[in-house]
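Throughout, protein chains are lettered first and strands after them, A, B, ... in sequence-line order, and every chain is numbered starting at 1.
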Amino acid sequence: MTSSAYPNFKIHFAGLFRQAGNHITTLDTSIRIELARTKQASHGDYSCNLAMQLAKPLHKNPREIASLLINALPPSPYLEKIEVAGAGFINLFLKNSAKQQYLQHVLQSKTAFGHSDFGQGKKIQVEFVSANPTGPLHVGHGRGAAIGASLSSILAAAGFNVSREFYVNDAGRQMDILTLSTWLRYLELNNIRVPFPENAYQGNYVKTMAQLIQQAHDQRYVHQPALLLEDLSENIHETGINTDEQLDQLIASAKKILGQDYAYIHNFVLTEQLGDCRNDLMEFGVEFDTWFSEQSLFDNGLVAHTIQLLEKKHYLYLQDGAVWFRSTDFGDEKDRVVQRENGQFTYFASDIAYHLNKFERGFDQMINIWGADHHGYIARVKGALQALELDPEKLEIALVQFAVLYRDGKKAPMSTRSGEFVTLRELRQEVGKDAARFFYVMRKSDQHLDFDLDLAKSQSNENPVYYVQYAHARVCSVLVQWDGDMNNLVNASAEALSSSAELALLQKLIDFPDTVEMAAKEFSPHLIAFYLRELASEFHSYYNSTRFLVPEIPLQHARLALIASIREVLNNGLRLLGVSAPDKM
RNA sequence: GUGCCCGUAGCUCAAUUGGAUAGAGCACCAGCCUUCUAAGCUGGGGGUUACAGGUUCGAUCCCUGUCGGGCAUGCCA
């Protein structure tokens with residue numbers, strides 16, 4: 001909520017144009033009246049294209065309509081000049097005083113400046129990361145984490161009631177593979193040689209977990225490993241273990257041999273990985289309101305219930321021993337299995353149950369942030385929603401393209417199974433949290449991201465993170481040397497701010513709430529990153545051209561109020577991105 | 001093969017979703033520190049928006065086709 005009554009100029013003028021439009025004709029409700037910021041100063045501050053939209057239905061020249069609209073426009077205390085331009089644009093020029101008085105609004109609103117009630121308190125859920133807890137997060141997860149966290153903050157600032165959620169895949173085969181992998185490493189520690197499957201988890205963290213189990217429980221979980229190999233085919237010693245069937249046999253054997261103890265190890269590795277993941281994300285400035293367990297959907301019968309619902313609605317059929325969902329009824333390219341021949345539910349089945357549960361929790365809107373490799377998955381999930389008579393429009397899938405790391409101008413390798421991948425933790429250690437968070441959201445999320453490690457590390461003008469932070473630190477430094485009472489700035493007259501640079505900066509500050517709103521509307525955190533860089537650029541330029549600590553007090557206070565406002569906006573914007581705003585650099 | 005996404009300056013990307021003369025940062029060239037932080041600033045060259053059509057007052061954006069790239073096409077998660 002904005003703390004003062006100062007208007008949003010776009011909304012203010014749009015309201016006036018609606019009145020004017022209704023005065024000259026009956027406005028079709030489908031017409032959206034939009035005020036756009038102009039690109040050139042000669043076009044004023046805002047422009048409206050309503051006249052061009054009306055040209056066709058009214059069968060009149062757009063310039064003529066523009067004149068009619070201007071004549072019918074109610075007076076505004078903020079408007080200096082209004083004129084028709086080009087093909088029929090209506091350009092609006094703000095009074096300098098309107099811009100100057102805005103500073104007080106910024107300084108009074110403080111950290112709330114940029115907030116709006118655009119979202120009207122609607123309940124919105126953002127589900128992101130949701131990585132399998134089977135190993136450390138890697139740099140691909142990092143981008144989803146950064147985008148999800150930033151988007152959540154932006155939505156909250158724009159007036160949504162945001163809930164951040166991590167879906168924990170704690171029920172599937174991958175968890176079994178990790179459990180098996182850990183136990184095998186544990187057996188190795190106890191000097192029992194068993195072949196380690198090539199397609200099991202190879203990473204060192206598995207060995208670490210095995211060591212932890214050994215330290216806590218010594219040989220308690222050794223049991224009878226010889227049994228482990230009994231069921232396997234004879235030739236494994238020649239070819240190694242590398243097929244899915246062999247791995248599944250090993251898992252089955254492990255369950256048989258360990259009995260009750262299997263659950264202990266399963267739970268141990270899950271807790272360990274989840275804790276590590278949570279820790280990692282927290283250090284990255286990413287936190288969740290809810291960690292939702294996939295297993296819980298099975299435990300409370302929701303998966304079975306969901307399948308029954310689909311069955312009742314006749315969207316399921318049996319073929320080749322498996323149960324299929326008719327997703328082709330909803331535009332998917334083929335039907336999908338929900339229950340396998342062996343009786344096990346697929347990941348898709350629990351995912352349908354999960355989304356049903358989300359709807360039951362009453363969110364007005366849900367956003368899933370998925371890796372771009374999941375795009376083929378959208379049709380079947382939305383199809384399932386339709387089958388359950390839920391509104392698929394309420395679910396927005398935001399696809400995030402992968403980040404590719406570059407070092408010395410070359411692609412840095414990363415893979416998930418070999419144990420050789422680049423982890424998020426390593427990335428943070430190498431470039432720092434701030435640079436990582438900023439770089440991840442610098443590009444539109446559905447665009448590939450080339451992550452230049454050398455650039456992110458460089459402490460120079462090439463690095464956009466430092467560029468923005470430096471602007472903040474510079475303002476802090478000036479205000480420290482001024483050493484005055486901030487209240488004097490809040491109440492200072494800004495009349496002395498009349499240079500083109502100063503007026504442009506004022507307009508830039510006015511743009512901030514609109515930018516946050518746009519970023520929320522379009523689910524586009526990158527708009528904040530671009531905005532901050534532009535604001536920092538204008539500030540640096542201003543800093544070099546103008547002295548702030550001048551002897552004339554009214555002028556000094558006006559300029560200090562301006563840069564203090566800039567600092568506020570830099571701070572607020574950086575916080576939305578999870579990047580710190582240092583006082584000194 | 002089919003489906004989705006993408007193609008903008010030498011490189012990496014924007015462009016308020018159909019608006020006015022398509023903008024930034026790198027890189028390259030030339031300048032600015034005795035004064036609030038040079039992690040900064042000022043100036044310069046750089047484009048048939050992959051290509052060909054179409055829709056309209058107006059197209060980087062929408063439609064069709066061609067070429068090029070990415071991803072997906074499991075009873076995996």
Side-chain angles (χ1 to χ4, degrees), chain A residues 10 34-40 42-43 47 49 52 55-56 61-63 85-89 91 131-132 134 169 171-175 177 244 294 319-324 332-334 336-342 344-348 350-351 371-379 399 401-402 406 409 442-444 446-450 452 455 458-471 473-482 511 514-515 517-518 521-522 524 526-527 529-530 533-534 536-537 539-550 559-560 563 584-585:
Chain A
K10 281 190 179 182
E34 284 183 357
L35 274 290
R37 284 275 289 114
T38 55
K39 286 176 183 165
Q40 290 176 66
S42 64
H43 293 154
S47 75
N49 64 357
M52 287 182 281
K56 199 171 215 176
N61 180 326
R63 290 189 65 105
F89 292 100
N91 291 336
N132 279 340
T134 52
N169 297 123
R173 178 167 174 267
Q174 295 303 321
M175 275 308 299
I177 298 174
D244 283 352
E294 180 189 7
Q319 186 179 309
D320 303 330
V323 181
W324 297 71
D332 198 5
E333 51 191 36
K334 57 172 287 193
R336 309 289 174 177
V337 171
V338 289
Q339 193 170 17
R340 291 197 268 165
E341 198 176 352
N342 63 13
Q344 288 194 327
F345 290 111
T346 59
Y347 176 86
F348 179 43
S350 49
D351 222 19
D373 56 331
H374 282 66
H375 79 254
Y377 210 74
I378 298 173
L399 293 180
Q401 293 284 347
F402 292 123
Y406 281 81
M442 245 178 8
R443 302 284 176 251
K444 218 154 55 174
D446 60 4
Q447 288 286 345
H448 288 275
L449 170 68
D450 285 354
D452 186 335
L455 179 59
S458 77
Q459 305 214 343
S460 75
N461 55 348
E462 299 168 22
N463 194 325
V465 190
Y466 292 119
Y467 186 79
V468 175
Q469 289 180 322
Y470 186 50
R474 271 183 150 177
V475 177
C476 289
S477 176
V478 174
L479 291 176
V480 163
Q481 285 169 63
W482 168 61
D511 289 342
D514 290 334
T515 305
E517 189 177 307
M518 181 66 71
K521 199 161 123 189
E522 304 294 331
S524 298
H526 79 279
L527 292 175
F530 274 89
R533 211 154 57 157
E534 285 163 14
S537 171
F539 166 76
H540 284 310
S541 177
Y542 182 50
Y543 181 96
N544 274 272
S545 68
T546 312
R547 235 189 123 66
F548 310 137
L549 296 173
V550 290
R559 287 179 176 167
L560 290 177
I563 65 169
K584 285 184 197 157
M585 287 176 74

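- A27(B) sits 23 Å from A15(B) when the P atoms are compared, rounded to a whole Å.
- Because its glycosidic torsion is more than 90° from 0, U8(B) is reported here as anti.
- Distances shorter than 4.0 Å separate none of the side-chain N or O atoms of Gln319(A) from OP1 or OP2 on C75(B).
- Evaluation of the side chain to side chain contact (heavy atoms under 4.5 Å, CB included) rule for Asn544(A) yields Arg474(A) as partners, not counting sequence neighbours.
- Asp320(A) comes within 4.0 angstrom of a base, heavy atoms only.
- Note on Gln481(A): only backbone sugar-phosphate atoms sit closer than 4.0 angstrom, heavy atoms only; bases stay farther off.
- For Arg336(A), no side-chain nitrogen or oxygen approaches OP1 or OP2 of G74(B) to under 4.0 Å.
- Glu333(A) pairs by the side chain to side chain donor-acceptor pair (under 3.5 Å) definition with nothing, not counting sequence neighbours.
- Sequence order on RNA chain B of the closest nucleotides to Asn49(A) and Asn169(A) puts Asn49(A) first from the 5' end.
- If you check every strand for non-hydrogen atoms under 4.0 Å, Met585(A) touches a base.
- Counting only Watson-Crick or G-U wobble pairs whose defining distances are both under 3.5 Å, the stems of 3 or more consecutive pairs in RNA chain B are B:1-7 with B:67-73, B:10-13 with B:23-26, B:28-32 with B:40-44, B:50-54 with B:62-66.
- Counting any heavy atom pair closer than 4.0 Å across all strands shown, Tyr377(A) reaches a base atom.
- Looking only at side-chain heavy atoms (C-beta outward), Leu449(A) and Gln401(A) stay at 4.5 Å or farther from each other.
- C33(B) adopts a syn glycosidic conformation, its chi angle falling within 90° of 0.
- Arg443(A) has its CZ atom 17 Å from the P atom of C6(B), to the nearest Å.
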**Item:** side chain to side chain contact (heavy atoms under 4.5 Å, CB included) between Ile563(A) and Phe539(A), intermediate numbers included
**Value:** CA-CA 8 Å; Ile563(A) 65 169; Phe539(A) 166 76; 3.8 Å; yes

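- Taking the 5.5 Å centre cut-off and the 30° plane limit, the aromatic side chain of Phe89(A) is classed as stacked on A20(B).
- Nucleic acid contact for Asp244(A): base, since at least one base atom lies under 4.0 Å from a heavy atom of the residue.
- Where Gln40(A) and Ala171(A) meet RNA chain B, the nucleotide closest to each residue was compared, and Gln40(A) sits on the side nearer the 5' end.
- Contact between the side-chain N/O atoms of Lys444(A) and the OP1/OP2 oxygens of C6(B) is not found at any separation under 4.0 Å.
- Across all strands, Thr546(A) comes closer than 4.0 Å to base atoms (heavy-atom distances).
- By the ring pair (Phe, Tyr, Trp, His ring centres under 6.0 Å) test, His43(A) pairs with no residue at all, sequence neighbours left out.
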For nucleotides 1-5 of chain B, print each protein N/O atom paired with a nucleotide N/O atom at under 3.5 Å, atom names and distance only.
unit_1	atom_1	unit_2	atom_2	d
G3(B)	N2	His375(A)	NE2	2.6

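- With sequence neighbours excluded, the residues forming a side chain to side chain contact (heavy atoms under 4.5 Å, CB included) with Val550(A) are Arg547(A), Glu552(A), Leu555(A), Gln556(A), Arg559(A), listed by chain and number.
- Counting heavy atoms from C-beta on, the side chains of Trp482(A) and Leu549(A) come closer than 4.5 Å.
- At a threshold of 4.0 angstrom between heavy atoms, the contacts of Ala55(A) with the nucleic acid are absent.
- Residues satisfying the ring pair (Phe, Tyr, Trp, His ring centres under 6.0 Å) criterion with Phe548(A), sequence neighbours excluded, are Tyr542(A), Tyr543(A).
- Residues Ala379(A) and Asp332(A) approach most closely at CB-OD1, 3.7 Å, considering heavy atoms.
- For the side chain to side chain contact (heavy atoms under 4.5 Å, CB included) test, residues two or more places apart in sequence or in another chain that qualify with Met52(A) are Asn49(A), Pro62(A), Ala87(A), Phe89(A).
- Nucleic acid contact class of Ser477(A) (heavy atoms, under 4.0 Å, all strands): base.
- Counting non-hydrogen atoms under 4.0 angstrom, Lys334(A) reaches the backbone sugars and phosphates but no base.
- Residues forming a salt bridge (Lys or Arg N to Asp or Glu O under 4.0 Å) with Glu341(A) (at least two apart in sequence, or on another chain): none.
- Residue Thr134(A) has no polar side-chain atom (N or O) positioned under 4.0 Å from OP1 or OP2 of A77(B).
- Remark: Arg474(A) is in phosphate contact with A38(B), judged by side-chain N or O atoms under 4.0 Å from OP1 or OP2.
- Side-chain atoms of Glu522(A) stay outside donor-acceptor range of the base of U16(B), with no qualifying N/O pair under 3.5 Å.
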**Prompt:** Which letter, B, S or -, goes with each nucleotide of nucleotides 55-62 of chain B from 5' to 3', with contact meaning a protein heavy atom under 4.0 Å?
**Reply:** --------

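- Taking atom C1' on both nucleotides, G18(B) is separated from U55(B) by 12 Å, rounded to a whole Å.
- Taking atom P in both C41(B) and G1(B), one finds a spacing of 50 Å when rounded to whole Å.
- Residue contacts shown for His374(A) include a base, since a base heavy atom lies under 4.0 Å away.
- Comparing G7(B) with C29(B), their P atoms sit 31 Å apart, to the nearest whole Å.
- As judged by a 4.0 angstrom heavy-atom cut-off over every strand, Asp332(A) is placed among residues making no nucleic acid contact.
- As rounded to the nearest Å, C67(B) and C51(B) have C1' atoms that lie 7 Å from one another.
- Residues satisfying the side chain to side chain contact (heavy atoms under 4.5 Å, CB included) test with Asp244(A), not counting sequence neighbours, are Arg173(A), Asn199(A).
- OP1 or OP2 of C41(B) lies within a sub-4.0 Å distance of a side-chain N or O belonging to Tyr467(A).
- Close to A77(B), at under 4.0 Å from its OP1 or OP2, lies a side-chain N or O of Arg340(A).
- When all heavy atoms of Gln174(A) and Asn132(A) are compared, the pair lying nearest together is CG-ND2, 3.9 Å.
- Heavy atoms of Ser47(A) sit under 4.0 angstrom from at least one base atom.
- Among the heavy atoms of the strands lying under 4.0 Å from Tyr470(A) is at least one base atom, whether or not backbone atoms are also near.
- Evaluation of the salt bridge (Lys or Arg N to Asp or Glu O under 4.0 Å) rule for Asp450(A) yields no partner, not counting sequence neighbours.
- Going from the C1' atom of C28(B) to that of C11(B) covers 12 Å, rounded to whole Å.
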